[in-house]
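Okay, so here's the structure we're looking at.
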Amino acid sequence: MDRYNPAEIEKKWQKIWEETEAFKAPALNKIDKNQAKMYLAEMFPYPSGAGLHVGHVRNFTIVDVLTRFYTQQEMNVLRPFGYDTFGLPAENYAIKTGTAPQEVTKENIANFRRQAKKLGFAIDWSREINTSNPEYYKWTQWCFLQLYKKGLAYRKESYQWWCPVDQTVLANEQVENGHCWRCGAEVEKKKMKQWFFKITAYADELLDEIDALDWPDKIKTMQKNWIGRSEGAEIDFDVVSNNGNGQTFVSETVSQISYEKSVRPLGRASEATASDTRDGGLARAGLSGKTSAISDNKLQIKVFTTRPDTIFGATFLVLAPEHPLVHSLIIPQTAEKVNQYQTESLKKSEIERQENKEKTGVFTGSYAINPATGEKIPIWISDYVLMGYGEGAIMAVPAHDERDFEFAEKFDLPIKQVIEKPENSDDDSRCYHGEGELVNSGQFDGTRTEDAREQIVAWLEQQGVGKSKVTYRMRDWLISRQRYWGCPIPIAYDKNGEPHAIPEDKLPVILPEVTDYQPDKTGRSALAKATDWLKVEIDGEEMTRETDTLDGYACSSWYLWRYVSPHDDKAAWDKDAIKYWAPTDIYVGADHAVAHLLYIRFWCKFFADEGFLPFREPVKKLLYNGYINAPDGKKMSKSKGNVIDPLDVIDSGYGADTLRTYEMFIGPYNEDASWDTKAIGGVYRFLNRCWNLAFDKEISKEDLNITTRNKTIKKVTEDLHRVSFNTAVAALMEYVNELYKNGTTAEDNITLAKLLKPFAPHLASEILEKYDSNDIWPVWDESALVEDTVEVVVQVNGKLRAKITVFPDDLLDEEKLTELALKEDNVARRIDGTPKKVIIPKNAKLINIVA
RNA sequence: GCCCGAGUGGCGGAAUUGGUAUACGCGAGCGACUUAAAAUCGCUUCUCUAAAGAGAUAUGGGUUCAAGUCCCAUCUCGGGCACCA
């Protein structure tokens with residue numbers, strides 16, 4: 001063997017690793033529990049037909065480098081792998097070609113596995129999981145039933161985002177700028193009966209525990225904003241009669257009919273009932289019926305506000321167009337206009353609503369009483385008020401809220417100032433929304449707004465017309481999908497349409513094989529056509545199965561726990577195994593900042609509450625890696641023809657080690673990078689030099705590299721601990737350059753191979769084999785780091801003027817150091833007489849003389 | 001609009017706690033080996049200057065003995081949210 005031949009040695013080592021099951025995590029009963037454990041995982045991939053791309057390689061290599069690093073440090077390491085296989089691409093392919101998704105998935109997995117092995121990843125292959133395997137999804141269904149039993153999985157009719165291309169509903173987290181996250185089509189609102197997980201029940205805990213997470217700030221901020229906690233108050237406004245004799249006009253028939261017409265369910269018209277319709281747009285759990293109430297024949301409207309201190313300035317109310325009480329507020333003169341507006345705003349796409357920010361709205365014809373002032377104020381509807389947030393109704397304070405101000409200006413509604421803008425305020429907006437002293441606010445005049453918030457809520461509470469309240473932006477998690485290729489929801493319906501859980505001992509509910517994958521026109525999945533499968537008997541009663549399947553995110557919300565006992569047929573996860581391995585120590589991904597990473601936290605908390613998990617956060621440390629763009633800096637895409645195929649890079653002669661090391665060297669792991677076809681050659685040269693040192697160069701008789709060797713061990717070790725891969729590789733390159741200059745020794749070659757192994761495991765194994773060496777991570781000798789002489793920088797007034805070489809001990813001798821420094825011409829001529837001040841910092845080899 | 005993050009050679013980037021700016025790699029140039037080329041090995045490579053030296057981390061200010069790093073303002077780019085009351 002004389003030349004570095006990656007193709008040959010990579011094949012050799014991959015075979016050895018396969019045969020010896022080299023990366024199998026230690027069995028629980030054989031573990032020395034005194035040894036530290038490390039559980040690492042990447043976000044498991046969706047195995048697409050295109051195979052691995054360079055982004056996968058970056059993501060998996062990060063996990064691999066750390067896996068090998070900790071393994072070499074003799075920790076107990078768990079590094080599993082799996083496939084997130086339910087999803088639309090396979091189903092769309094099935095619709096187009098008639099090929100069963102089961103088949104396509106099998107092929108794609110085989111391809112992914114083959115490619116991952118070609119990259120030499122240290123994966124415990126005995127733990128491979130696949131979410132569309134019934135052995136796996138049996139337990140996804142079990143998870144669903146646990147949530148269902150506790151009332152955290154519930155069914156509700158509501159308006160939902162509907163993708164007309166993919167023919168399915170989408171969760172809020174899956175709508176991006178009014179478009180489907182998958183296909184990019186513009187989404188629509190559609191009213192359907194849907195399953196939800198009550199993630200809002202954990203809103204506070206999900207929010208409160210973010211700060212303590214060792215996660216990137218970017219993601220923590222995004223999750224905080226997504227949950228969007230707002231503290232404020234809920235205030236009741238009495239509706240007054242609009243015909244002057246104390247009797248509220250309720251045009252039940254007129255408005256009800258027209259309302260139904262305007263919001264006719266597009267899908268299952270037959271399932272919609274009158275009460276469902278009236279309860280309309282309430283997407284949130286448990287809001288139904290408590291938003292507003294008719295009590296003592298008096299109509300009340302509840303609003304949510306974060307600024308109860310401004311209530312004296314509330315000069316009108318605005319309701320969302322879909323608000324269930326709108327039909328009770330209209331009068332014959334306004335009915336037509338109101339109904340028309342309702343219809344229009346429902347039809348309006350989200351895009352139009354975003355683009356056209358000019359306020360629109362109509363007057364309902366009714367008035368309410370401002371409980372603070374006793375004034376009669378008009379009730380309007382407008383689409384700038386969202387049904388899904390707060391109470392779906394607001395008190396408008398146009399003097400101190402930009403949106404209300406615009407609305408008031410457009411429709412000529414009264415604007416009443418209640419906060420005195422402080423004189424020193426530089427806020428020059430048309431409506432002041434900062435803090436200040438209250439005016440025009442009765443007994444609260446002169447109170448600071450900060451104090452008034454609490455006082456006014458207390459005052460309203462005394463009168464029974466308000467209370468403090470916390471509201472969240474986050475909505476419940478919509479989980480039903482009108483798709484075939486997903487995990488069946490373990491539910492069946494009786495004759496009355498009431499849902500019943502499939503008993504746990506009847507799980508899994510197997511996804512039946514069908515021949516026609518096309519959804520039916522009513523928005524139901526192809527499962528609706530599997531007539532035999534649909535029938536099921538529970539407790540002797542004939543029932544019909546649910547035809548919706550679960551959002552794929554449900555399948556991936558618990559896989560990190562399945563990995564600890566992937567073949568367990570008694571439980572979703574083994575209690576002892578979960579106790580030892582979980583939570584995941586390091587989780588690496590490049591996507592799903594909100595959805596997936598919020599969902600796994602939610603399930604973790606739920607299963608902890610149920611006693612199934614001994615921890616409340618699933619991931620200790622999260623690494624979020626950047627994307628790799630094409631050499632032109634643009635996103636790689638088939639259509640642009642700028643895709644770099646990692647397998648081509650390997651096969652072109654560079655090999656997997658070069659590809660892996662290059663992707664770690666390309667830049668900080670958490671930043672985006674552009675592929676550089678030339679720079680990869682530099683990494684290949686580097687590995688070649690490593691090879692030559694061991695197999696081609698002569699061994700030097702003298703060990704001239706003691707300091708460099710120990711410095712390199714220290715640098716690489718510390719860099720891996722702080723996840724700085726690019727600088728670790730740079731340190732190895734420097735070491736190799738030194739060895740070329742000074743000559744190498746066996747110890748140098750072995751040390752280099754050990755430090756290189758996480759990045760280039762095949763090459764490193766080959767070198768270690770030559771020296772018959774283990775791969776245990778080396779430890780540096782602190783005393784070897786001390787050099788004979790040190791170079792000290794001499795600054796004058798903070799500017800570098802000279803460098804002097806001294807013995808290390810002299811660093812502590814201020815007088816001597818100053819004397820030596822002043823001998824330098826370039827220093828002396830800048831100093832007149834005695835220096836004003838001399839500074840010798842502890843941590844730097846530096847002296848600064850102030851002239 | 002609001003909230004984050006970032007701006008350093010021809011390029012990717014380094015500088016970890018405020019202490020030698022530009023490590024490492026690419027590209028470029030020169031040389032060695034070679035009939036030649038590739039490969040390989042070595043040297044040079046921020047700007048100005050003949051040199052001594054001086055200046056430079058988006059721009060302008062500030063704090064400090066000392067600022068790429070901290071503070072203020074401005075500009076540019078990237079990401080997130082987007083009528084959330």
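No experiment lies behind these values; they were computed from the predicted model shown. Here is how names work: the chains are called A, B, and so on, in the same order as the sequence lines, proteins then strands, and each is numbered from 1.
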Quiz item: Donor-acceptor pair under 3.5 Å: do we get one between A:Lys799's side chain and the base of B:rU20?
Solution: no
Quiz item: Looking only at side chains, do A:Asn625 and A:Asn670 share a donor and an acceptor under 3.5 Å apart?
Solution: no
Quiz item: Which part of the nucleic acid does A:Asn726 contact within heavy-atom distance under 4.0 Å: base, sugar-phosphate only, or nothing?
Solution: sugar-phosphate
Quiz item: Between A:Ser724 and A:Thr727, do the side chains contain an N or O donor and an N or O acceptor separated by less than 3.5 Å?
Solution: yes
N/O to N/O distances under 3.5 Å, protein versus nucleotides 26-29 of chain B:
| residue | atom | partner | partner atom | Å |
| --- | --- | --- | --- | --- |
| B:rC26 | OP1 | A:Arg685 | NE | 3.2 |
| B:rC26 | OP1 | A:Arg685 | NH2 | 2.9 |

Quiz item: Is the distance from OP1 or OP2 of B:rA85 to the nearest side-chain N or O of A:Thr471 less than 4.0 Å?
Solution: no
Quiz item: Where the side chain of A:Lys803 is defined as all heavy atoms beyond and including C-beta, which of B:rA85, B:rG25, B:rU20 is the nearest nucleotide?
Solution: B:rU20
Quiz item: To the nearest angstrom, how far is A:Asn629 atom CG from B:rG79 atom P?
Solution: 10 Å
Practice problem: Measure from the side-chain heavy atoms of A:Met222 and tell me the nearest of B:rU20, B:rG80, B:rU16. | Solution: B:rG80
Self-check item: B:rG19 versus B:rC70 - spacing of their C1' atoms, nearest Å
Solution: 14 Å
Exercise. Answer with base, sugar-phosphate or nothing: what part of the nucleic acid does A:Asp404 contact at a heavy-atom distance below 4.0 Å?
Key: nothing
Self-check item: Options B:rG19, B:rA85, B:rA39, nucleotide nearest the side-chain atoms of A:Arg3
Solution: B:rA39
Practice problem: State, without any angle test, whether A:Tyr472 and A:Asp204 hold a side-chain donor-acceptor pair at a distance under 3.5 Å. | Solution: yes
Practice problem: Go through B:rA21, B:rC3, B:rA15 for me and flag the one nearest to the A:Arg722 side chain. | Solution: B:rA15
Quiz prompt | B:rA32 and B:rA21, which share atom name C1', separated by this distance in whole Å | solution = 33 Å
Quiz item: Does the side chain of A:Asn629 pick up a donor-acceptor pair with the side chain of A:Ser674 at under 3.5 Å?
Solution: no
Quiz item: A:His323 has an atom NE2; how far is it from atom C1' of B:rA85, in whole Å?
Solution: 13 Å
Quiz item: When you check the side-chain N and O atoms of A:Glu435 and A:Thr449, is any donor under 3.5 Å from an acceptor?
Solution: yes
Practice problem: For B:rA51 versus B:rU69, give the span between their P atoms, rounded off to a whole number of Å. | Solution: 31 Å
Self-check item: Stem regions touching RNA chain B, defined by at least 3 consecutive Watson-Crick or wobble G-U pairs below 3.5 angstrom
Solution: B:1-7 with B:75-81, B:10-12 with B:24-26, B:27-32 with B:40-45, B:46-48 with B:53-55, B:58-62 with B:70-74
Self-check item: B:rG18 versus B:rU47 - spacing of their C1' atoms, nearest Å
Solution: 26 Å
Quiz item: So does A:Arg689 get a side-chain nitrogen or oxygen closer than 4.0 Å to the phosphate oxygens (OP1/OP2) of B:rG42?
Solution: yes
Quiz item: Looking for any heavy atom pair under 4.0 Å, which part of the strands does A:Gln795 touch: base, sugar-phosphate only, or nothing?
Solution: base
Exercise. Apply the side chain to side chain contact (heavy atoms under 4.5 Å, CB included) test between A:Met664 and each candidate in A:Ile62, A:Val683, A:Asn726; give the one that qualifies.
Key: A:Ile62
Quiz prompt | Candidate pair A:Tyr389 and A:Arg475, rule side chain to side chain contact (heavy atoms under 4.5 Å, CB included), full reasoning | solution = CA-CA 8 Å; A:Tyr389 184 76; A:Arg475 318 288 205 265; 4.0 Å; yes
Quiz item: A:Lys220 has an atom NZ; how far is it from atom P of B:rG5, in whole Å?
Solution: 13 Å
Quiz item: For A:Trp226 and B:rA82, what is the distance between atoms CH2 and C1' respectively, to the nearest whole Å?
Solution: 11 Å
Quiz prompt | B:rG25 to B:rC75 separation - C1' atoms, rounded to the nearest Å | solution = 31 Å
Quiz item: Distance check: side-chain N/O of A:Arg830 vs OP1/OP2 of B:rA54, anything under 4.0 Å?
Solution: yes
Quiz item: Can any side-chain N or O of A:Arg722 pair as donor or acceptor with the backbone N or O of A:Leu720 at less than 3.5 Å?
Solution: no
Quiz prompt | ring pair (Phe, Tyr, Trp, His ring centres under 6.0 Å) evaluation trace for A:Tyr684 with A:Tyr662 | solution = CA-CA 8 Å; A:Tyr684 181 70; A:Tyr662 169 66; over 10 Å; no
Quiz item: Centre of A:Tyr627's six-membered ring, under 6.0 Å away, within 45 degrees of the axis: is that where NZ or CZ of A:Lys635 sits?
Solution: yes
Quiz item: Could you give the NZ-to-P distance, from A:Lys837 to B:rC65, as a whole number of Å?
Solution: 5 Å
Quiz prompt | Span that lies between the P atom of B:rG27 and that of B:rU59, in whole angstrom | solution = 30 Å
Quiz item: In whole angstrom, what separates A:Glu718's CD from B:rU16's P?
Solution: 13 Å
Exercise. Between B:rU20 and B:rG12, how far apart are the P atoms? Round to whole Å, please.
Key: 24 Å
Exercise. Would you mind classifying the nucleic acid contact of A:Ser230 as base, sugar-phosphate or nothing, using non-hydrogen atoms under 4.0 angstrom?
Key: sugar-phosphate
Quiz prompt | A:Ala730 or A:Lys697, whichever maps to the more 5' nucleotide of RNA chain B | solution = A:Ala730
Quiz item: With no hydrogens and no angle check, do the side chains of A:Asn737 and A:Arg689 hold a donor and an acceptor under 3.5 Å apart?
Solution: yes
Exercise. For A:Lys842, report the nucleic acid contact type (base, sugar-phosphate, nothing); a contact means any heavy atom under 4.0 Å.
Key: nothing
Quiz prompt | Touch class at under 4.0 angstrom, heavy-atom based, for A:Ile666 against every strand present | solution = sugar-phosphate
Quiz item: Contact class for A:Tyr740 (heavy atom, under 4.0 Å): base, sugar-phosphate, or nothing?
Solution: sugar-phosphate
Quiz prompt | A:Lys697 NZ/CZ over A:Tyr740 ring centroid, <6.0 Å and within 45° of normal | solution = yes
Exercise. Please tell me which of A:Tyr684 and A:Asp401 maps to the more 5' nucleotide of RNA chain B, matching each residue to the nucleotide holding its nearest heavy atom.
Key: A:Tyr684
Quiz item: Any idea which of B:rA85, B:rC24, B:rA14 is nearest the A:Phe304 side chain?
Solution: B:rA85
Practice problem: Would you classify A:Arg801 as touching base, sugar-phosphate or nothing, given that sugar-phosphate means primed atoms plus P, OP1 and OP2, and contacts are heavy atoms under 4.0 Å? | Solution: sugar-phosphate
Practice problem: Measure from the side chain of A:Pro841, starting at C-beta and using heavy atoms only, and say which of B:rA85, B:rG19, B:rA14 lies closest. | Solution: B:rG19
Quiz item: Distance only, no hydrogens: is a donor on one side chain within 3.5 Å (strictly under) of an acceptor on the other, for A:Tyr384 and A:Asp404?
Solution: yes
Quiz item: Separation of A:Asp696 atom CG from B:rC41 atom P, in whole Å?
Solution: 11 Å
Quiz prompt | Value in whole Å for how far the P atom of B:rU64 lies from CG of A:Asn848 | solution = 15 Å
Quiz item: Under 4.0 Å: is that the gap between some side-chain N or O of A:Asn225 and OP1 or OP2 of B:rC2?
Solution: no
Quiz item: Taking the C1' atom of each, how far is B:rC4 from B:rG10, in whole Å?
Solution: 32 Å
Quiz item: Within the structure, does a side-chain N or O atom of A:Tyr389 lie under 4.0 Å from either OP1 or OP2 of B:rA85?
Solution: yes
Quiz item: Do A:Tyr341 and A:Thr360 have a side chain donor and acceptor closer than 3.5 Å?
Solution: yes
Exercise. Record whether the side chain of A:Lys836 comes under 3.5 Å of the base of B:rC65 through a donor-acceptor pair of N or O atoms.
Key: no
Quiz prompt | Given B:rC83, B:rG19, B:rC65, the nucleotide with the shortest approach to the side chain of A:Asp383 | solution = B:rC83
Quiz item: If you check the A:Phe665 side chain, which of B:rU20, B:rG19, B:rG12 turns out closest?
Solution: B:rG12
